[in-house]
Novice: 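Take a look at the following structure, please.
Predicted, not measured: the structure shown is a model, and the values here were computed from it. In what follows, every chain begins at residue 1, and chains take the letters A, B, ... in the order their sequences are listed. Values reported hereafter were calculated over all heavy atoms of this structure, with side chains retained and with hydrogens, waters and symmetry mates removed.
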Amino acid sequence: MADELPRSDAEFADPDAVALARVLDGLGPPPDADPAARLAHERALADVDAISRALGLIGDTLAAEPADAAPPASADIGSARSTDAGSVELADVGSAGLADARSTGGGGRRASSAEPGEYRDDALVVPLRRPRTRWMLAAAASVVGLIAVGAVAVVQHHDGSGSSSSVAQQPAAPAAAADTSTAGPMHVMNMAPGADSSAAAAPAAPAAPAAAPAAAVAAPAAAAPAAASNSAAAKASTKAAAGSGNTTSLKAAPRSLPAPDFNAAVACARGIVQGQVVGVTALGGGSYRLTLSVAQWIAPSAGPTRISYTVGSPYSADDSSRTKLAAGQRRVFIVPREASAQVLAYADSTGLRNRITQAQQQAAGQSCG
Amino acid sequence: VTVVVEDTADPLPASGVARVRAVLALGGVPAHEVDDGVQEVRLRLLSRDGTEELRDPIAWAVVVASRVAIDWHRGQRRDDGLRDRLAARWSTAPPEPAPEDRVLALAIAAGMDVLPPTHRQVLALRFYADLPVRDIAEALGIPEGTVKSRLHAAVAALRERLRESEVI
């Protein structure tokens, strides 16, 4: 059959593609179709029917979506979408957690493996560039790490397989990105991704206290979002926490979302506005609704005078610090494309406007994917 | 010739509002902007040349809605994703559809999320609004072949996604 088709149209050498084209044209299988072609036709019919039904269901469901529908699980589901394994278990305890949060920006996230995609949002968010706070946290984490050392061996003994599975459940935190060069002298980071960390985790805990400050200082504040967590370090920390049963370190651990890259955030922003925060509401699941009173739309060039966005953090970031979003703040807000990302907020200035314009010009003609 | 609508105060027939909302949503317009989109459709209905009779006002409205969605995408904004919205809606608005339909719809929604806006547009018009290819081409002012090729590419991409996710 393929021989009868134009050679130039390679797409239609595929019986499935031929059958799909005929189905979409409302045609039946060719009279002289062989059994394989007829089968392909039936498959195409069934698939198109399924797609049609699904679109009907999606359309009808979303037609009834309230205007103020906040995707309560936006970030959660978004994560589940990227992982589809459901849960992500990232520990942010102790110095390894600090390093992790610095290097990935995502280390602060914690989700229960029993509740896929559900992030707990109870940890403290720490400004990225406040050395004193950072060192204090590192010290606190170190103490916790030392306390936990005694328990680590026991935990590892009982939890060897569990740690492996937690790695398997972290496709959203690609193992590829363990950047040991910037994360400080944490030799545990060098463990091969996916390898069982039971053995390696043991030295991790005692190593962590010393490693924390170096890691925290070395890691860039605005790490690339794609940078992966150090799963081994995270696991080691998890085990330490589990072993000690100490929750203080959980509260002390920083929760930081990646500070979006300025140019990328501008290029694909959901909105860039100069205005004032009206309110920030926690939606649960690590999502927040940020409502802004808009004095001026920068991108797009026009819009409503009040707008709400779902964002992934109650904090805004600029080039060097993070600030808790609060009603009354006047800034230029850059709302990144991803609902799980944090907002960039800057004091308005000619320099900032020029920077935005430059970023937009650089991104002109490019797709946000 | 006068355009007859169900409610002279509303150029958009009441029976078409839900379909317009659905096409806007399928086109990627986020929930909080769907109402604005419906208003935009109404405005375009009001501002159209009234001397030409509309054969099917609802069909015309959904095509306009699909264009509004495309315009929205051109504004470089992005929604939260159909899949997320669908799951969120079902999580707060039971009853849910049958599990197998839910899985299928979520997979399709995820597939729609990564399709180009023009492909989403023809999918919504063809399979949600049930418009024939010829009418879609005429309404959008593009050749039938273009509609077919977009439809083919979009359906093929969705099929591939369904296979990869082992939904079909």
Novice: Need one label for B/Leu123: side chain, backbone, both or neither, based on atoms under 4.5 Å from any heavy atom in chain A.
Specialist: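 The answer is both parts of B/Leu123.
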Novice: Which residue out of A/Val335, A/Leu24, A/Val48 racks up the most heavy-atom pairs below 4.5 Å with chain B?
Specialist: A/Leu24
Novice: Are any of the side-chain nitrogens in B/Glu40 or B/Arg44 under 4.0 Å away from the carboxylate oxygens of its partner?
Specialist: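 Salt bridge between B/Glu40 and B/Arg44, a charged N being under 4.0 Å from a carboxylate O: yes.
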Novice: Select one option (side chain, backbone, both, neither) describing which atoms of B/Val155 are under 4.5 Å from chain A's heavy atoms.
Specialist: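 B/Val155 touches chain A through backbone and side-chain heavy atoms alike.
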Novice: Let me know if A/Ser308 has heavy atoms under 4.5 Å from chain B in its side chain, its backbone, both or neither.
Specialist: backbone
Novice: Donor-acceptor pair, B/His152 side chain versus A/Ala17 backbone, under 3.5 Å?
Specialist: yes
Novice: Mark yes or no for whether B/Arg120, through its side chain, and B/Leu26, through its backbone, hold a donor-acceptor pair below 3.5 Å.
Specialist: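 Yes, the answer is positive, given that a donor and an acceptor are paired below the 3.5 Å cut-off.
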Novice: Which bit of A/Ala44 is near chain B, if near means a heavy-atom gap under 4.5 Å: side chain, backbone, both or neither?
Specialist: both
Novice: Could you verify whether a donor N or O on one side chain and an acceptor N or O on the other, from B/Arg42 and B/Gln39, lie under 3.5 Å apart?
Specialist: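 On atom types as modelled, these side chains qualify, holding a pair under 3.5 Å.
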Novice: At a heavy-atom distance under 4.5 Å, which candidate from A/Ala46, A/Ala54, A/Gly56, A/Gly59 has the highest pair count against chain B?
Specialist: A/Gly59
Novice: Taking 4.0 angstrom as the limit, do A/Asp49 and A/Arg53 come out as a salt bridge?
Specialist: yes
Novice: Could you tell me whether B/Arg159 and A/Asp47 have a side-chain N and a carboxylate O separated by less than 4.0 Å?
Specialist: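 Salt bridge: yes.
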Novice: Given a strict heavy-atom distance threshold of 4.5 Å, which part of A/Asp25 is in contact with chain B: side chain, backbone, both, or neither?
Specialist: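 The side chain, not the backbone.
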